[in-house]
Amino acid sequence: MSPEEQLSLLTRGTAQILSEKELLKKLTRGEPLRAKLGVDPTSPDLHLGHSVVLEKLRQFQELGHQAVLIIGDFTAQIGDPTGRAKTRPPLTREEILENAKTYQEQAFCILDKEKTEIVFNGEWFNSMSFSEVIQLNAQVTMQQMLQREDFKNRIANDQEVRLHEIQYPIVQGYDSVKVRADVELGGTDQLFNILVGRDLQKSAGMEPQVVMCLPILEGLDGVQKMSKSLNNYVGITESPGEMFGKIMSISDDLMARYSILLLGEEIDAAEHPVEAKKKLAGKIVERYHSAEAAQQAISNWNNRGNLESVELPKFTPPTDRNDLLGIVQAAFASLEEPKSGSDVRRLIQQGSIQIDGEKVSDPKAEPTLESGQVLKLNKKRSVRIA
RNA sequence: GGGUAGGUUCCGGAGCGGUCAAACGGGGCAGACUGUAAAUCUGCUGGCUAUGCCUUCGAAGGUUCGAAUCCUUCCCUGCCCA
């Protein structure tokens, strides 16, 4: 493929590139580019938000370039302050390694494992001497670091900024020097960090990397960025039904955005929004599961009024409790979503619980449950009595 | 190091001896309405098999019949000065 064609493919869906000219120049050499993506294993599970940038990296692979995935075992210990109003709590070494493992497994749902170079940045940072650290720090100025929006905001709001946090961009930037990156990918919030990488590469006498920023995917709430801690995410390992249901709950505006960012397609404006959303949800399920799973999810969805035929998790009522409160609490626990008794009591009293479509709102009621009945817990969760 | 302002429930932020499980706002959850969307309205939002009990207001002690509120010591943060 010609450099120009590659350029047009690679720039598609990106938010910002610095600069296209440099990228074209690098492509024109005809040698595989080293495309860097640094990830910090701060959370074990990947979600659709991560997938945007991973998909782009895969595109590089498909064009014959070298994907370099940096697992930030070292940087995770610092904690990326990007977008944060507070200092991150540090993770233990064990947590980081554990997360790194599942992170890789999940990343290879998207990336081609055979064509991915994986490096841990602890490899070079753990053995760095203090004088090397000082030398590295000497290459940037305080003023540069304080240009960062989040630091500036925190300072303006009289909140603390700890010194290790200003090290983060420097450390991330040094990764680019170590892996000799030609291009670094990241979300738009990574712009600053990636630019630091360019500076450090220049100081090291290298040709600076091209910055490629991808849009940040909003979470299910449509406002904040998708993240596990905000609980507004769709995990890439979630079950087809779960995934489908979550995507169906997003707003129409968000649906348009997801379609472009995740599938690279526009929503058909002529179609009824619900139908369009089902298609979107189906395609996403298909990507992480299979076409059959997607079909099943759609048909489950369409049948949801029909209690007889929907596929639901099975639930065996507890033997030690026969009051509604105890039963419902056990049901939540069986879905691995334990709730406190008070929470469950509230749900019951507020009319969230239904048995075969009938609302039950007395926590002390002792319903007789029969096999096959559907116990609705809340909007998203129902179980079938085993 | 000196001065000064603070640390309250998920977040912001009131409360400054009893009426405090703690106002108000945000977020979240549930109900109504709908397209299991958005918007809107209503309710809930520490725990407990619960008209009561238990644990929370940076930590530990103390004063008091009674403390988030007063005292002592300690820990932590911001700002100004050096």
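By convention in this document, chain letters (A, B, ...) are assigned in the order of the sequence lines, proteins followed by strands, and residues within each chain are numbered from 1.
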Quantified in whole Å, what is the [atom1] atom distance between nucleotide [N] and nucleotide [M]?
{"N": "B:rG46", "M": "B:rG61", "atom1": "P", "value": "27 Å"}
{"N": "B:rC74", "M": "B:rA67", "atom1": "P", "value": "24 Å"}
{"N": "B:rC76", "M": "B:rC70", "atom1": "C1'", "value": "22 Å"}
{"N": "B:rU77", "M": "B:rG26", "atom1": "P", "value": "32 Å"}
{"N": "B:rC33", "M": "B:rG27", "atom1": "P", "value": "23 Å"}
{"N": "B:rA39", "M": "B:rA30", "atom1": "P", "value": "15 Å"}
{"N": "B:rU49", "M": "B:rA38", "atom1": "P", "value": "34 Å"}
{"N": "B:rU51", "M": "B:rC71", "atom1": "P", "value": "39 Å"}

Round to the nearest Å and state the distance from [X] atom [atom1] to [N] atom [atom2].
{"X": "A:K379", "N": "B:rC33", "atom1": "NZ", "atom2": "P", "result": "13 Å"}
{"X": "A:K279", "N": "B:rG35", "atom1": "NZ", "atom2": "P", "result": "19 Å"}
{"X": "A:F244", "N": "B:rA37", "atom1": "CZ", "atom2": "C1'", "result": "14 Å"}
{"X": "A:R257", "N": "B:rA37", "atom1": "CZ", "atom2": "C1'", "result": "18 Å"}
{"X": "A:Q349", "N": "B:rG43", "atom1": "CD", "atom2": "P", "result": "16 Å"}
{"X": "A:L220", "N": "B:rG27", "atom1": "CG", "atom2": "P", "result": "16 Å"}

Let me check something: any side-chain donor-acceptor pairs from residues 365-378 of chain A under 3.5 Å, sequence neighbours excluded? List them with distances.
{"residue": "A:Q373", "atom": "OE1", "partner": "A:E370", "partner atom": "N", "Å": "2.9"}
{"residue": "A:N378", "atom": "OD1", "partner": "A:K380", "partner atom": "N", "Å": "3.1"}
{"residue": "A:N378", "atom": "OD1", "partner": "A:R381", "partner atom": "N", "Å": "2.9"}

task = Kindly indicate whether the side chain of A:N231 and the base of B:rG28 share any N or O donor-acceptor pair separated by less than 3.5 Å?
result = no
Considering every strand shown, what is the Watson-Crick or G-U wobble mate of [N] when both distances are under 3.5 Å?
{"N": "B:rG12", "value": "B:rC24"}
{"N": "B:rU72", "value": "B:rA60"}
{"N": "B:rC79", "value": "B:rG3"}
{"N": "B:rG18", "value": "B:rC65"}
{"N": "B:rU51", "value": "none"}
{"N": "B:rU36", "value": "none"}

message = Checking A:F125 against A:Y174 for the ring pair (Phe, Tyr, Trp, His ring centres under 6.0 Å) test, could you report, in this order, the C-alpha distance in whole Å, the side-chain angles of both residues, the deciding distance, and whether it holds?
response = CA-CA 9 Å; A:F125 286 121; A:Y174 188 65; 5.7 Å; yes
message = Is it the case that the side chain of A:K359 and the backbone of A:I348 share a donor-acceptor pair, with hydrogens and angles ignored and the cut-off at 3.5 Å?
response = no
request  = Between protein and nucleotides 45-51 of chain B, map the contacts as a letter string: B base, S sugar-phosphate only, - none, heavy atoms under 4.0 Å, written 5' to 3'.
outcome  = S-SBBB-
Pairwise distance OG1(A:T237) to CG(A:L46) - rounded to 0.5 angstrom = 8.5 Å
inquiry  = Quick check: do A:E271 and A:K279 have side-chain heavy atoms less than 4.5 Å from each other?
reply    = yes
task = Compare all side-chain heavy atoms of A:K113 with those of A:T116 and state whether any distance is below 4.5 angstrom.
result = no
Sugar-phosphate, base or nothing in reach of A:L254, heavy atoms under 4.0 Å = nothing
inquiry  = Does A:G326 reach a base, just sugar-phosphate, or nothing at all? Heavy atoms under 4.0 Å.
reply    = nothing
ask   = What is the glycosidic conformation of B:rU51: syn, defined as within 90° of 0, or anti?
value = syn
key: Contact under 4.0 Å: A:K277 side-chain N or O vs B:rA38 OP1/OP2   = no
Salt bridge flag under 4.0 Å for residues [X] and [Y]:
{"X": "A:D362", "Y": "A:K364", "answer": "no"}
{"X": "A:K225", "Y": "A:E218", "answer": "no"}
{"X": "A:E20", "Y": "A:K25", "answer": "no"}

Give the nucleotide from the list [options] with an atom nearest to the side chain of [X].
{"X": "A:K359", "options": "B:rG35, B:rA32, B:rA30", "result": "B:rA32"}
{"X": "A:Q350", "options": "B:rG43, B:rG31, B:rA38", "result": "B:rG43"}
{"X": "A:S251", "options": "B:rA38, B:rU36, B:rA30", "result": "B:rA38"}
{"X": "A:N378", "options": "B:rG35, B:rA30, B:rG28", "result": "B:rA30"}

key: Criterion salt bridge (Lys or Arg N to Asp or Glu O under 4.0 Å) on A:E31 and A:K26, from CA distance to verdict   = CA-CA 8 Å; A:E31 286 164 27; A:K26 284 176 188 267; over 6 Å; no
inquiry  = Nearest heavy atom decides the nucleotide; on that basis, is A:D221 or A:H272 closer to the 5' end of RNA chain B?
reply    = A:D221
For nucleotides 77-79 of chain B, list the nitrogen or oxygen atoms of the protein found under 3.5 Å from its nitrogen or oxygen atoms, one pair per line.
{"residue": "B:rU77", "atom": "OP1", "partner": "A:R162", "partner atom": "NH2", "Å": "3.2"}
{"residue": "B:rG78", "atom": "O2'", "partner": "A:D158", "partner atom": "O", "Å": "3.4"}

Of A:Q172, A:R198, A:Q201, A:R34, the residue whose pairing with A:E184 passes side-chain hydrogen bond (donor to acceptor under 3.5 Å, both in side chains) = A:Q172
message = Can you confirm whether the side chains of A:E238 and A:H47 place a donor and an acceptor under 3.5 Å from each other?
response = no
